[in-house]
Amino acid sequence: MILKIYNSLRGEKEIFKPILENNVGMYVCGPTVYSNVHLGNVRTFMSFDFIFRSLQFLGYKVRYVRNITDAGHLTDDGDVDNDRFVKQSRLEKLEPMEIVQKYTVDFHQVLEKFNLLPPTIEPTATGHILEQIELTQKLIDSGFAYVSNGSVYFDVLEYNKRGLNYGELSNRNIEELFANTRDLDGQNEKKNPQDFALWKKASPAHIMRWNSPWGEGFPGWHLECTAMSTKYLGETFDIHGGGMDLKFPHHECEVAQGKACNGKAPVRYWMHANMLTMNGQRMSKSTGNYILPMQLVNGDNDFFEKAFHPTIVRFCFMQAHYRSVLDISNDAMVASEKGYQRLMDAMKILQSLDESSFTNQESNWAFDLWKTNAYAALLDDFNSPILIAHLFEAAKTIFAIKDGKVQLTKEDFSELKSLMHDFVYQVLGLQNIEENNNEKLDQAMQVLIDLRNQARKAKNFDLSDEIRNQLLEKGIELKDSRDGTSYVLN
Ligand code: AMP
Ligand code: ZN
């Protein structure tokens, strides 16, 4: 089994060889928790959730670190006072850490709705200030960084002078970068416009601040990922992921910081997920072209004709490869709903087929070839749309088995059944809406049964009879026995 991963560092697919056999260390840049995540953010996190699930399915033990950025991410206008958290805390009249808490909770709730697995470690920037101060000191001591007016900057020219290559990840050359930079942030403090902040001096109004050897301040955004990935995954680790838009400058700076600190590249495989667009335009809060995940799920929006279950959204996202742009539209969602339903119909038949459908002779469908192809899709840079195409082929076969047109041996059938389960639920992370609804019905019925029991205890037989009779009218019969009350649908 050979897994190939597209490595953005070299712009090609490469055979994946983890540092430690059968183990993978993966770091993904997490959200900046100063506002609700939009659906575009969810796509990137879902892409890496699928990759995490696939790696586990392929037999790797994965340490998956995804951070929470809760300090240090400046607004685009470069105003030092406009730390995103500080700005939002003024707007909402809350403490910055209340902002952090509020949107971290929102982030977790949203991802749970879309059935994303939690990472194995979820560190926060504010929990790693010491590590960031230590790294900054190390970079100053080795001459890669300088102090200026209480802030500390990474010296990009010095980095290049030592034969290191700033711009290698994003394929930019430093002269071009210098020529094209319009610098707003710290322009009087930096030696060069491309130098980036490792530590920022806090202005008197800046409330998120920590003590440091250079005075009170806060860490730079790029440094937190270097500090946390090094701490939990080591100086060099296997996979680093994030949205395409983070390649420059964020990831470029991470490469520079890692190399300057440890003398070696921090990451073996850089993976970048492509953007979600809506009506052909990139989804982004700043342009207003965005939808919140729950607005799509509740139908509370002007873009889609109806509400869509989170698993339909997930199926829609999985139908595009993680490196392709995905445009979300009403038509795409409606088509996804149909496709999902067809797949689930096949899954239901798979459960219900019995011995009489199997043959004692050879299968007349090439199961082994199908299995090889389905695995190959996953092994070819996690190609979810090709995998889904194979699942549809299997669905067609399952319908044909039911109609008696295809026969499988018992062994092929049980392996198909178990693989379909793995691919649909474990790898793609889809949910069975019908089964989930049944669970909810069970829970709702238990509430009614408990209420009826309470009424009986209180000798309010009018009410207890009313509950039973009304349910009976709806075709739900309550059955009392010594073990308690159960219900059957008539
Ligand atoms: P942020 O909280 O802004 O740091 O963004 C969190 C993640 O969402 C980053 O990895 C971004 O690259 C990603 N992201 C932002 N906009 C989009 C989009 N329209 N489509 C997909 N991913 C996005
Ligand atoms: Zn990062």
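Just follow the structure's listing: the first ligand is 1, and inside any ligand the first atom is 1.
Remark: at the Zn ion (ligand 2), atom SG from Cys225 and atom SG from Cys29 enclose 130°, rounded to the nearest 10 degrees.
A cation-pi geometry, defined here as NZ or CZ lying under 6.0 Å from the six-membered ring centre and within 45° of its normal, holds between Lys306 and Phe308. Remark: Arg162 is positioned above the aromatic ring of Phe144, its terminal NZ or CZ atom under 6.0 angstrom from the ring centre and at most 45 degrees off the axis. A cation-pi arrangement is absent between Arg66 and Phe48, since the terminal nitrogen or guanidinium carbon is not both under 6.0 Å from the aromatic centre and inside a 45° cone about the axis.
Backbone and side-chain nitrogen or oxygen atoms of Gly243 are examined, and one is located within less than 3.5 angstrom of a nitrogen or oxygen of ligand 1. At least one N or O atom of Asn41 sits closer than 3.5 Å to an N or O atom of ligand 1. On a distance-only criterion, Asp245 and ligand 1 share at least one N/O pair closer than 3.5 Å. Residue-to-ligand polar distances keep Met275 apart from ligand 1: every N/O pair is separated by 3.5 Å or more. In terms of polar-atom proximity, defined here as any N/O pair under 3.5 Å, Phe45 makes no such contact with ligand 1. Taking distance alone, with nitrogen or oxygen atoms compared against 3.5 Å, Thr32 approaches ligand 1 more closely than that limit.
Near Arg282, meaning under 4.0 Å from one of its heavy atoms, ligand 1 places the atoms 16 (N), 19 (N). Near Thr44, the atoms of ligand 1 lying under 4.0 angstrom from a non-hydrogen atom of the residue are 10 (O), 13 (C), 21 (C), 22 (N), 23 (C). Near Pro31, the atoms of ligand 1 lying under 4.0 angstrom from a non-hydrogen atom of the residue are 2 (O). Numbered from 1 in the order shown, with element, the atoms of ligand 1 that lie under 4.0 Å from a heavy atom of Met283 read 16 (N), 18 (C), 19 (N). The His38 neighbourhood of ligand 1 comprises atoms 16 (N), 17 (C), with distances under 4.0 Å to a heavy atom of that residue. Against a heavy-atom cut-off of under 4.0 Å, Leu246 is close to the following atoms of ligand 1: 9 (C), 10 (O), 12 (O).
Tyr232 has its ring centre less than 6.0 Å from the ring centre of His128. Remark: aromatic rings of Phe16 and Tyr269 are close, center separation under 6.0 Å. Aromatic ring centres of Phe114 and Phe317: separated by at least 6.0 Å. Ring centroids of Phe57 and Tyr375 are separated by less than 6.0 Å, placing the two rings close together.
Counting backbone and side-chain atoms alike, His250 contributes an N/O/S atom closer than 2.8 Å to the Zn ion (ligand 2). Residue side and main chain included, His222 places no N/O/S atom under 2.8 Å of the Zn ion (ligand 2).
For the pair Pro293/Leu39, a side-chain contact is recorded, criterion being any heavy-atom separation below 4.5 Å from C-beta on. Asp245 places a side-chain heavy atom less than 4.5 Å from the side chain of Arg282.
In terms of heavy-atom proximity, Gln426 sits nearest to Arg53 at O-NH1, 2.7 Å.
Across Gly40, Ser284, Gly30, heavy-atom proximity to atom 23 (C) of ligand 1 is greatest for Gly40.
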